[in-house]
Protein chains: 2
Amino acid sequence: MMQKSRSSLVNDAYRRLKQEIRSNRLPPGFHGTEPEMAERLGMSRTPLREALVLLEADGLVEMKPRRGIYILPILPQDMKEIYEVLTAIEPEAVASLAARKLPEKELMPLIDATARMEQALEDDDLEAWADADDEFHKELLVLHGNKRLLSIASLLFDQAHRARVITLRMREKPYRSTAEHKTVVEHIIKGEIEEARNVYREHRERAGAELLAILAKYKLQQL
Amino acid sequence: MMQKSRSSLVNDAYRRLKQEIRSNRLPPGFHGTEPEMAERLGMSRTPLREALVLLEADGLVEMKPRRGIYILPILPQDMKEIYEVLTAIEPEAVASLAARKLPEKELMPLIDATARMEQALEDDDLEAWADADDEFHKELLVLHGNKRLLSIASLLFDQAHRARVITLRMREKPYRSTAEHKTVVEHIIKGEIEEARNVYREHRERAGAELLAILAKYKLQQL
DNA sequence: AAATACTTTAATGTATACATTAATATAAAA
DNA sequence: TTTTATATTAATGTATACATTAAAGTATTT
């Protein structure tokens with residue numbers, strides 16, 4: 001799921017479709033048939049189906065028996081579930097990273113990511129901010145080293161991506177969030193385990209609550 | 001991944017292979033080719049491959065480009081990762097269940113499961129104990145209601161199953177573990193959030209540590 | 001006998017073929 | 001016109017066909 005192994009066409013289809021879903025070029029509710037989509041991707045149905053089976057397992061599409069392929073929308077309930085899991089997982093990862101007392105050099109990916117978040121804020125480039133934020137969270141788990149933690153979180157990030165990008169434009173700019181990321185890194189560097197865990201947990205809880213509040217406020221029942 | 005939707009043959013292959021892996025009838029290190037396995041299952045390669053792609057995503061098998069299909073072993077590192085994730089996830093679920101103050105009636109699946117664990121101990125039936133334990137953990141997350149939490153934990157349980165069954169025979173009987181489960185249920189019933197979380201977390205941490213100790217003691221480098 | 005080149009085998013990755021059947025369109029009946 | 005029955009269409013689920021190519025086996029050379 002992460003390695004380059006899988007044959008080229010299946011992999012191509014998987015990556016391209018996932019990218020198109022992330023970027024909203026294939027919007028939720030989109031409906032297609034296998035022959036259609038296979039032709040669009042320039043391949044036969046066989047590799048396409050293998051890719052679709054994976055995307056379905058990822059929770060991004062649904063293959064309805066005789067009705068075709070649907071791009072799944074994200075419901076508020078989905079965001080609630082996703083944030084709940086992330087809130088359970090990530091603070092633990094942060095705590096155990098802090099316990100490791102890594103030299104600052106090794107934390108560069110995190111420090112870089114926060115720098116890019118700050119820069120993006122200055123440039124007023126929300127797209128770039130979201131990318132940097134994504135990278136921060138991903139690098140954190142890469143550093144942590146638990147491959148399952150990383151792949152679970154990546155799955156959830158991918159599911160939530162669209163909704164996050166859209167709602168980012170509906171709230172005030174994420175200054176606070178950016179600052180919190182920096183604080184977390186500080187705590188990790190200083191090996192302050194509980195502080196790191198708590199800041200991160202509060203960050204996640206607040207981020208989740210804010211996001212759900214926005215969905216409710218604008219009556220966004222799906223994204 | 002959880003619904004019955006997927007066409008019959010793909011689903012059959014998925015379930016049968018998964019079951020054979022769980023039960024160790026297809027042991028780690030087993031190697032097969034697609035034509036072989038397809039014939040054994042009485043179907044063509046097409047549905048078999050779709051099932052294999054899913055099993056690979058589940059982390060149970062590996063399809064090596066020109067070498068065939070391998071059943072993946074469980075390494076101590078895998079168990080470490082799995083328990084790390086479960087330790088992060090389940091105590092949170094328990095806490096939020098406790099916070100809900102459910103009537104005892106709704107917690108029957110959990111109470112039943114602990115009863116079955118006790119009965120299995122009396123009968124000295126470790127297989128039955130493991131089943132009841134599995135069910136307890138699964139029911140807990142069903143009650144919690146977060147579908148993602150459930151499917152993530154199920155994935156991890158499935159990955160760890162073989163190793164758990166094997167090591168269960170190498171340690172003293174799980175009286176303590178059984179008692180801890182009962183205690184957790186008590187706390188949930190009484191709505192004692194922090195107590196529930198802590199007992200469960202300690203349970204998980206101890207279970208994980210014990211398991212890794214057994215692997216180390218018997219120099220089991222893979223299961 | 002060891003090393004190299006060549007041949008054969010067979011597994012994968014992918015395309016295509018085909019039977020089944022749900023969904024739609026069309027025609028017949030009320 | 002509305003309803004029901006029938007015919008048509010076309011998408012899925014699956015099997016089969018086939019080109020490619022890694023690996024195993026054989027022959028050739030040294």
Side-chain angles (χ1 to χ4, degrees), chain A residues 1-21 25-73, chain B residues 1-21 25-73:
Chain A
M1 210 174 189
M2 194 150 276
Q3 64 276 330
K4 54 175 168 286
S5 69
R6 196 123 307 293
S7 75
S8 211
L9 287 189
V10 175
N11 225 330
D12 286 358
Y14 180 76
R15 286 188 202 295
R16 285 180 57 184
L17 289 174
K18 191 160 170 176
Q19 181 50 35
E20 291 185 336
I21 293 168
R25 247 180 306 155
L26 279 182
F30 171 90
H31 167 259
T33 67
E34 292 177 13
E36 250 171 59
M37 295 179 81
E39 183 175 40
R40 207 163 56 80
L41 295 173
M43 63 181 66
S44 79
R45 284 172 55 220
T46 310
L48 169 65
R49 275 183 64 96
E50 290 183 15
L52 286 174
V53 159
L54 285 173
L55 289 167
E56 187 172 43
D58 286 350
L60 296 177
V61 313
E62 182 174 2
M63 298 169 79
K64 285 209 177 178
R66 210 154 278 273
R67 326 206 61 138
I69 292 95
Y70 291 90
I71 306 300
L72 289 178
Chain B
M1 210 172 188
M2 192 148 279
Q3 64 277 330
K4 53 172 168 287
S5 70
R6 196 122 308 293
S7 76
S8 210
L9 287 188
V10 175
N11 225 329
D12 286 358
Y14 179 76
R15 284 188 203 296
R16 285 180 59 184
L17 290 173
K18 192 159 167 177
Q19 181 49 33
E20 291 185 335
I21 294 168
R25 249 179 305 155
L26 279 182
F30 170 90
H31 167 259
T33 66
E34 292 177 12
E36 250 170 60
M37 297 179 80
E39 184 175 39
R40 207 162 57 79
L41 294 173
M43 63 180 68
S44 78
R45 285 173 54 221
T46 311
L48 169 65
R49 277 182 64 96
E50 289 183 16
L52 286 174
V53 158
L54 284 173
L55 289 167
E56 187 172 44
D58 285 349
L60 296 177
V61 313
E62 183 174 3
M63 299 170 80
K64 284 208 180 180
R66 211 155 278 272
R67 324 207 63 138
I69 291 96
Y70 291 89
I71 306 298
L72 289 178

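For clarity, every value in this text was computed on a predicted model and none was experimentally measured. Because only heavy atoms are used, hydrogens play no part in the values below, and waters and symmetry mates are left out as well, while side chains stay in. Throughout, protein chains are lettered first and strands after them, A, B, ... in sequence-line order, and every chain is numbered starting at 1.
Between the C1' atom of C:dT12 and the CE atom of B:Met63 lies a distance of 9 Å, rounded to the nearest Å. When the C1' atom of D:dA10 is taken as reference, atom CD1 of A:Ile69 falls 14 Å away, rounded to whole Å. For the pair A:Leu48 CG and D:dA11 C1', the computed distance is 13 Å after rounding to whole Å. Computed from coordinates, the A:Arg45 CZ to D:dT12 C1' distance equals 6 Å when rounded to whole Å. Atom C1' of nucleotide C:dT21 and atom NZ of A:Lys64 are separated by 18 Å, given to the nearest angstrom. Atom OH of A:Tyr70 and atom P of D:dT12 are 10 Å apart (whole Å). Rounded to whole Å, the distance from CZ on A:Arg49 to P on C:dG13 is 17 Å.
For residues 30-60 of chain B, the pairs satisfying ring pair (Phe, Tyr, Trp, His ring centres under 6.0 Å) are B:His31-B:Tyr70, with sequence neighbours left out.
Set against C:dG13, C:dA15, D:dT14, the side chain of B:Ser44 has D:dT14 as its closest nucleotide.
With sequence neighbours left out, the side-chain hydrogen bond (donor to acceptor under 3.5 Å, both in side chains) criterion links A:Glu20 to A:Arg40. Shown here are the salt bridge (Lys or Arg N to Asp or Glu O under 4.0 Å) partners of A:Glu36, two or more places apart in sequence or in another chain: there are none. A:Ser44 pairs by the side-chain hydrogen bond (donor to acceptor under 3.5 Å, both in side chains) definition with nothing, not counting sequence neighbours.
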Atom pairs, protein N/O to nucleotides 19-26 of chain D N/O, distance under 3.5 Å:
unit_1	atom_1	unit_2	atom_2	d
D:dA23	OP1	B:Arg67	NH1	3.4

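Taking a 4.0 Å limit (strictly below) on heavy-atom distances, residues 29-43 of chain A reaches DNA chain D at A:Thr33, A:Glu34, A:Pro35.
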